[in-house]
Amino acid sequence: EAGVVQSPRYKIIEKKQPVAFWCNPISGHNTLYWYLQNLGQGPELLIRYENEEAVDDSQLPKDRFSAERLKGVDSTLKIQPAELGDSAVYLCASSAGQAGDEQYFGPGTRLTVT
Amino acid sequence: DQQVKQNSPSLSVQEGRISILNCDYTNSMFDYFLWYKKYPAEGPTFLISISSIKDKNEDGRFTVFLNKSAKHLSLHIVPSQPGDSAVYFCAASWVNNQGGKLIFGQGTELSVKP
């Protein structure tokens, strides 16, 4: 079974530029999560989708971040414009959707903003 | 407000000995706890979990202990192997109210020396 796929794995951009990350969850997983992981910290939830509905986006900085999950499968996370402080690893995870289900993480996208 | 804390950023253990990783939490609403393991350039992978109705869960070399009164959990690895060298994150969840949203600690980097 294929795991959670993310691309790109690495991205270097200049500040004020836009950037987008893509995630393909495990087949059949209804719940999709985007996490932000800063160096030396644990992942922090940005947004959670149940199918195509964003059910928890309270931690998403909506002035510059946006996300979508069209058709309830793949998801895209966008930052526009990027700031130096956005440099981090962006992790996508998915789960079957039942409360307490294990979350499976992708390898992440390491973003460097210069 | 760090609701899940791992106060030891690193731990070094000799191969064959016991590794004990600790985690403290502040929110008494948490009712499900998990440990994730992370290798460099990979996403976290689920290791073991425990429900708040239990005080111990064992899976092979890995045992998680939960002390609800102290709001403390620990992960024991016996015997430790060099392949266990990784960053370990504890995470907590309110299963019934938050759809499985995970709050992660900062991580502890375990190094198992041959």
Side-chain angles (χ1 to χ4, degrees), chain A residues 1-10 21 23-26 29-51 53-60 88-111, chain B residues 1-10 21-25 29-54 57 59 64 73 75 86-109:
Chain A
E1 178 183 278
V4 177
V5 180
Q6 290 188 248
S7 70
R9 292 293 311 275
Y10 304 92
F21 315 124
C23 173
N24 177 245
I26 291 173
H29 279 189
N30 298 323
T31 306
L32 184 146
Y33 312 77
W34 282 103
Y35 287 88
L36 163 71
Q37 185 178 13
N38 286 306
L39 187 64
Q41 299 294 317
E44 300 174 42
L45 182 69
L46 288 172
I47 188 168
R48 174 170 65 95
Y49 282 93
E50 298 286 349
N51 298 303
E53 181 183 359
V55 296
D56 184 356
D57 63 355
S58 57
Q59 301 302 309
L60 190 71
V89 175
Y90 292 82
L91 293 161
C92 178
S94 69
S95 71
Q98 298 300 315
D101 276 347
E102 175 185 341
Q103 294 182 25
Y104 294 82
F105 284 82
T109 297
R110 179 175 294 278
L111 173 67
Chain B
D1 178 26
Q2 191 76 27
Q3 297 186 70
V4 178
K5 298 180 183 179
Q6 294 175 257
N7 293 317
S8 297
S10 63
L21 296 100
N22 294 304
C23 180
D24 297 294
Y25 62 96
M29 293 296 290
F30 290 141
D31 55 11
Y32 193 63
F33 304 88
L34 308 90
W35 284 93
Y36 279 80
K37 176 180 181 179
K38 185 182 183 303
Y39 292 117
E42 294 184 12
T45 55
F46 171 76
L47 192 57
I48 192 170
S49 63
I50 188 167
S51 165
S52 60
I53 62 174
K54 294 185 173 182
N57 189 25
D59 184 2
V64 57
L73 66 156
L75 175 68
V87 178
Y88 289 79
F89 293 98
C90 69
S93 175
W94 306 258
V95 170
N96 292 328
N97 295 327
Q98 297 289 324
K101 174 179 178 177
L102 295 179
I103 305 298
F104 284 87
Q106 308 96 309
T108 296
E109 184 172 10

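First the proteins, then the strands, lettered A, B, ... as listed; each starts at 1.
Only the side chain of B/F89 comes within contact range of chain A, with at least one heavy atom under 4.5 Å from a heavy atom of that chain. Heavy atoms of A/R9 lying under 4.5 Å from chain B belong exclusively to its side chain.
A/D56 places a side-chain N or O within donor-acceptor distance of the main-chain N or O of A/S58, the cut-off being under 3.5 Å. Proximity of a side-chain donor or acceptor of B/Q6 to a complementary backbone N or O of B/S8 within less than 3.5 Å is not detected. A donor-acceptor contact shorter than 3.5 Å links the side chain of A/T109 to the backbone of A/P8. At least one donor-acceptor pair closer than 3.5 Å links the side chain of A/Q6 to the backbone N or O of A/C92.
Side chains of B/C90 and B/V4 form a contact here, defined as non-hydrogen atoms less than 4.5 Å apart. Residues B/V64 and B/S49 form no side-chain contact, since every pair of their non-hydrogen atoms from C-beta on lies 4.5 Å or further apart.
Among residues 35-44 of chain B, the residues having any heavy atom closer than 4.5 Å to a heavy atom of chain A are, in sequence order, B/Y36, B/K38, B/A41, B/E42, B/G43, B/P44.
The residue among B/Q106, B/Q2, B/E109 with the most heavy atom pairs within less than 4.5 Å of chain A is B/Q106.
Every residue was checked against the ring pair (Phe, Tyr, Trp, His ring centres under 6.0 Å) condition with B/Y88, not counting sequence neighbours, and none meets it.
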